[in-house]
Amino acid sequence: MEYNFREIEKKWQAWWAQNKVFKTVEDAGKPKYYVLDMFPYPSGAGLHVGHPLGYIASDIVSRYKRLKGFNVLHPMGYDAFGLPAEQYAIQTGQHPEVTTTQNVARYRSQLDKIGFSYDWDREFRTCDPDYYKWTQWAFLKMFDSYYCTSCRKAKPISELVAHFQKNGSVNCNAACSEDLVFTAEEWNSWSDAAKSKALMNYRIAYQGETSVNWCPKLGTVLANDEVKDGLSVRGGFPVEQKKMTQWQLRVSAYAERLLDSLDSLDWTDSLKEMQRNWIGRSAGTEVVFKVIAGDKEKDITIFTTRVDTIFGVTFMVLAPESDLATELTTPDHKAEVEEYIAYVKKKTERERIAETKSVTGVFSGAYGINPLTGEKVPVWISEYVLAGYGTGAIMAVPAHDSRDYAFAKKFNLPIVPIIEGCDVSEQSFDAKEGKMCNSGFLNGMDVKEAIEAAKDYVESKGLGRRKVNYRLRDAIFSRQRYWGEPFPICFNNGVAEPLPMSALPLQLPEISEFKPTEDGQPPLARAKDWTWEGKPLETSTMPGFAGSSAYYLRYMDPHNDNALVSREAVEYWRNVDLYIGGTEHATGHLIYSRFWNKFLFDLGYVCEDEPFKKLVNQGMIQGRSNFVYRVVGTNKFVSLGLKDNYQTQEIHVDINIVRNDKLDLDAFRAWRPEFKDAEFILENGEYICGWAVEKMSKSMYNVVNPDDICENYGADTLRLYEMFLGPLEQSKPWDTKGIDGVHRFLRKFWRLFHDGDNMIVTDEKATPEELKVLHKLIGKEEEDINNFSFNTTISAFMIAVNDLSDLGCHKKEILEPMAIMLSPFAPHIAEQLWHDLGHEDTVTFAPFPKFVKEYTVENNATYAVSFNGKTRFTVDLPKTMSPAEVEAHVRALSQTEKYVAGQQIFKVIVVPGKIVNIVVK
RNA sequence: GCGGGUGUGUUGAAAUUGGUAGACAAGCUAGACUUAGGAUCUAGUGCCUACGGCGUAUGGGUUCGAGUCCCUUCACCCGCACCA
């Protein structure tokens with residue numbers, strides 16, 4: 001029997017499913033290992049060959065860990081709420097539930113063909129009421145909590161209420177949207193509605209007015225990570241800034257913890273850096289400036305990281321969106337300012353980004369007083385100052401800040417340098433170096449010294465205080481959509497009231513149309529009787545990241561009806577040991593999940609502060625398109641190498657009728673009617689196509705579907721090939737060149753066991769040479785899997801198989817461990833061979849062979865010499881030398897050099913391969 | 001502009017982490033067998049002015065020894081971007 005992958009794969013996939021081989025149960029006797037893939041959004045297009053890349057890698061690790069004796073949790077499910085299904089519903093009237101179910105079925109059948117070792121009993125979709133019950137539950141917990149800034153954790157809001165009753169807002173240590181000041185008496189005198197309103201300022205899930213990314217085309221608000229370059233990530237529609245009242249999560253309260261615990265994670269530096277930038281910690285100073293606007297006078301606070309430059313302040317700037325801008329404008333400048341604010345408001349986010357270079361602004365008529373110099377400086381209003389960061393007001397030091405500099409140049413404001421010898425005639429001097437001048441008590445100090453000295457001074461004089469600001473903003477948590485989790489919130493005379501836990505899950509109501517209502521209400525407003533005990537329910541739904549923020553916990557205990565996850569389950573599985581997925585979630589899902597986990601950790605529902613210990617980002621697989629070149633105005637096609645002799649037009653050609661960049665001429669003629677009579681100008685009798693790396697897409701005819709590869713080569717070949725393509729983390733184009741190589745390897749592997757219909761494995765004892773081949777591979781695989789270097793393991797397998805073929809080795813002692821070791825990569829063929837060797841159980845839990853180093857004796861003419869176990873050089877020596885002679889020789893040699901090792905003792909170590917190391921102790 | 005990363009044959013890529021650069025595959029060339037194929041096997045394949053010399057984007061440095069470490073320049077990729 002030849003290697004018949006179709007039969008083998010079908011047979012063992014069915015057998016695994018039937019015997020529930022991958023069903024996982026908690027087992028205190030075994031160490032746990034939790035391997036998770038970022039679950040997919042089931043889109044209508046199905047999986048292409050890029051999706052399984054990470055899944056294959058995680059499956060390899062899962063299977064390897066099982067061989068190593070771990071109890072492995074390896075689940076899969078679907079992130080099923082989201083925009084595309086709803087957009088489709090709006091267009092076609094198809095209920096998103098229906099399309100989602102269809103798409104999930106398609107995904108499942110595609111995944112099943114690849115032979116993953118998921119425990120499908122743990123599968124769920126985020127749109128299942130049994131699941132989103134717990135998303136709603138977590139929201140209610142957040143609604144019912146505040147963040148205590150002194151103990152750095154979430155606490156019940158009732159404790160804060162008790163504090164207010166006793167002390168008012170004094171020492172309340174709660175993260176909040178704005179600093180409210182009230183006494184206990186005031187608090188106690190307030191109505192329930194007023195209290196509720198005040199508490200919104202502190203809740204972790206709260207409703208508040210904020211500037212949001214509004215996408216008119218989608219009819220919904222979007223989170224910052226859902227917007228790129230001023231366009232929505234989904235759909236690419238323009239986004240504008242709008243002030244709206246929205247549900248939000250107080251993620252900003254966790255900024256510090258999210259930043260600090262990054263250090264403990266085994267993630268790539270680039271990803272951690274991305275999160276650090278996104279969180280954007282900056283330690284600076286808040287300084288109070290007195291501002292005089294006509295007959296009005298007001299203290300305003302500015303934020304700066306460079307208090308040391310305060311003597312160089314020549315003007316101040318307010319953000320046009322901030323309330324201060326209108327408040328501090330003097331009557332004689334009112335018209336201009338209003339016009340300017342209107343102009344800024346009209347701009348879309350995209351225009352703003354495009355015009356960052358242009359400088360705009362207007363004078364407010366007000367003047368600020370520099371608290372250190374007493375100097376009077378004009379207050380301007382400009383869009384380069386953002387309302388959402390710091391205090392929305394800055395002191396401008398044009399000599400030492402490039403933005404202030406550009407502004408000063410444009411509006412002819414003075415530029416006063418305060419660092420000795422710097423030249424500010426052409427541009428500002430932003431560097432934090434040099435000696436201070438023109439700066440009163442700071443004169444003569446080094447800049448770094450001056451920063452600290454200025455901070456101390458400002459604090460000691462009560463002019464301001466040190467302040468750490470974060471760029472991370474609270475997450476906007478409502479979407480004006482249908483296909484998402486409903487909020488378990490109703491409104492009692494406009495006051496938000498949580499539903500009781502017993503009301504969960506609050507299920508999505510049936511509606512017939514998914515568009516927003518005529519008066520701009522979200523689609524849920526169309527539902528009949530969308531009320532709770534007579535009170536209207538919230539009509540927004542939760543965003544996509546809500547359901548994906550705690551899903552890894554649910555897999556631990558997916559059918560629990562009493563808790564998101566039971567204490568026993570979470571204490572056994574704890575957190576994810578290995579998480580594999582794309583970088584696109586760096587600042588979205590991976591921040592929200594960490595936040596969500598920390599919140600549940602604070603409340604004692606989970607036992608680890610961080611959800612994902614190790615994270616690996618697989619690269620994107622791009623498409624590789626092929627082109628033919630039509631001679632303009634004819635139906636003649638010229639081969640790539642000759643095309644420069646003609647005027648040609650480049651046409652995408654279906655990659656399925658091209659092999660190794662050579663066009664199948666008949667298939668091309670049959671591809672489309674207009675090419676039926678195509679003629680070709682060939683080179684060396686062949687038509688060579690051009691190619692380019694592009695995104696995989698239908699319109700470029702370059703989509704490769706995993707089902708087709710499974711059909712033509714088998715799942716094992718697909719798995720091996722995706723890994724063989726190159727390092728996991730690297731983005732690379734899909735290119736079927738070379739897939740034959742790995743397929744050939746599997747056939748060779750098969751032939752070590754079989755000759756035609758006969759099993760040819762013997763019980764003979766293995767020779768040291770054969771054992772050496774085996775153990776070299778064992779060592780390599782152990783090392784490589786821990787480094788996620790799967791491509792080199794596969795190379796090592798190829799070498800081993802070639803060596804064993806050369807040695808004519810068909811011995812069970814060698815081949816049985818080889819089959820076990822291959823099983824993570826190519827599980828179907830390994831399972832078949834395992835059974836061929838007479839086993840009745842599955843290879844899944846066979847013990848991974850033990851690595852023994854001794855079978856590595858070899859000698860050769862090249863020697864490498866190392867000093868202190870590190871530095872080495874090679875010397876050519878006669879083959880016949882004994883180790884002692886080698887030592888003498890090397891000693892003599894080294895004494896001729898300046899790095900003399902004369903007195904040192906050499907030790908000869910024999911290692912695998914050609915090189916003998918002579919280590920100097 | 002800031003931050004992170006990458007640069008090795010015709011192609012995907014290896015390199016015991018400072019020690020024979022190009023393993024393993026793909027492609028190409030020649031040959032064998034053949035039921036002529038997208039099968040199998042064998043040999044060759046970095047470059048040159050070839051018994052030698054040169055080669056890991058560029059120029060320099062450290063070292064007995066550099067793809068690997070340090071500095072310069074260039075190119076490409078990714079992320080952030082008026083964050084004070």
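Each chain gets a letter, A, B and so on, in the order its sequence line appears, and its residues count up from 1. Values below: every heavy atom of this structure, side chains too, minus hydrogens, waters and symmetry copies.
- Using N1 to N3 plus N6-O4 or O6-N4 for Watson-Crick, or N1-O2 and O6-N3 for G-U wobble, each under 3.5 Å, B:rG38 pairs with nothing.
- In this entry the distance linking CD1 of A:Ile799 with C1' of B:rA14 reads 9 Å, nearest Å.
- For the P atom pair drawn from B:rG52 and B:rA21, the interatomic distance equals 16 Å after rounding to whole Å.
- Remark: the separation of the C1' atoms in B:rA66 and B:rU20 is 14 Å, to the nearest Å.
- Within the model, atoms CD1 of A:Ile419 and NZ of A:Lys432 stand 11.0 Å from one another, a figure rounded to the nearest 0.5 Å.
- Here the side chain of A:Asn791 is nearest to one of B:rC80, B:rA14, B:rA23, namely B:rA14.
- Per the geometry, CE belonging to A:Met723 stands 14 Å off P belonging to B:rA13, to the nearest Å.
- Regarding A:Lys732, its NZ atom lies at a distance of 16 Å from the P atom of B:rC78, rounded to whole Å.
- A gap of 4 Å separates the C1' atoms of B:rU56 and B:rU8, to the nearest Å.
- Ion pairing between A:Arg276 and A:Asp263 holds under the 4.0 Å rule for side-chain N and carboxylate O.
- Base pairing of B:rC64: its partner is B:rG19, meeting the Watson-Crick or G-U wobble criterion (both donor-acceptor distances under 3.5 Å).
- When the C1' atom is compared between B:rG31 and B:rA75, the two are found 43 Å apart, to the nearest whole Å.
- Nucleotide B:rC28 is matched to B:rG44 when pairs are restricted to Watson-Crick or G-U wobble geometry with both distances under 3.5 angstrom.
- Residue A:Gln427 places its CD atom among 12 or fewer non-hydrogen atoms of other residues, nucleotides or ligands, all under 6.0 Å distant.
- Judged by distance alone, the side chains of A:Gln622 and A:Ser731 never bring a donor and an acceptor atom under 3.5 Å apart.
- Here, B:rC2 and B:rA13 have their P atoms 30 Å apart, quoted to the whole Å.
- Using a 4.0 Å cut-off between charged nitrogen and carboxylate oxygen, A:Glu711 and A:Arg6 count as a salt-bridge pair.
- At the phosphate of B:rA84, OP1 or OP2 sits under 4.0 Å from a side-chain N or O atom of A:Ser282.
- Each of A:Phe790, A:Tyr713, A:Phe825, A:Trp734 was compared with A:Tyr721 under the ring-ring contact (aromatic ring centres under 6.0 Å, His included) criterion, and only A:Trp734 meets it.
- With 3.5 Å as the limit, one finds no donor-acceptor pair spanning the side chains of A:Tyr470 and A:Ser252.
- Remark: A:Asn802 is in phosphate contact with B:rA25, judged by side-chain N or O atoms under 4.0 Å from OP1 or OP2.
- Residue contacts for A:Leu725: at a heavy-atom cut-off of 4.0 Å it reaches the sugar-phosphate backbone alone, with no base atom in range.
- In this structure, CZ of A:Arg744 is placed 5 Å from P of B:rA26, rounded to the nearest angstrom.
- A 3.5 Å limit on both hydrogen-bonding distances identifies B:rC78 as the Watson-Crick or G-U partner of B:rG3.
- Close placement of the A:Phe407 and A:Phe315 rings is indicated, their centers lying within 6.0 Å of each other.
- In B:rA50 the base sits syn relative to the sugar, since the glycosidic angle is no further than 90° from 0.
- A:Gln730 comes within contact range of the sugar-phosphate backbone alone, with a heavy-atom separation under 4.0 Å but no base atom that close.
- In this structure, B:rG9 is classed as syn because its glycosidic torsion stays within 90° of zero.
- Put simply, CG on A:Asp806 is 11 Å from P on B:rC24, counting in whole angstrom units.
- A distance of about 9 Å separates the C1' atoms of B:rA15 and B:rG67, rounded to the whole Å.
- B:rC69 and B:rU62 have their C1' atoms separated by 8 Å, with the value rounded to a whole Å.
- Separating the C1' atom of B:rU63 from that of B:rC71 is a span of 16 Å, rounded to the nearest Å.
- The distance between atom CG of A:Asn469 and atom C1' of B:rA84, rounded to the nearest whole Å, is 10 Å.
- Here the nucleotide nearest the side chain of A:Pro727, chosen from B:rG3, B:rU40, B:rA13, is B:rA13.
- With both pairing distances under 3.5 Å, B:rA13 is matched to nothing as a Watson-Crick or G-U wobble pair.
- Note on A:Ser270: only backbone sugar-phosphate atoms sit closer than 4.0 angstrom, heavy atoms only; bases stay farther off.
- When the C1' atom of B:rC82 is taken as reference, atom NE2 of A:His400 falls 19 Å away, rounded to whole Å.
- Contact annotation for A:Arg281: no contact, since no heavy-atom pair falls under 4.0 Å across all strands.
- Residue A:Lys748 is in sugar-phosphate contact alone, with no base atom involved, counting any heavy-atom pair closer than 4.0 Å across all strands shown.
- Residue contacts shown for A:Val385 include a base, since a base heavy atom lies under 4.0 Å away.
- As the counterpart of B:rU56, no nucleotide is assigned, since no Watson-Crick or G-U wobble pattern has both distances under 3.5 Å.
- Contact annotation for A:Phe724: base contact, defined as any heavy-atom pair under 4.0 Å involving a base atom.
- Between the CG atom of A:Asn277 and the C1' atom of B:rC2 there is a distance of 8 Å, rounded to whole Å.
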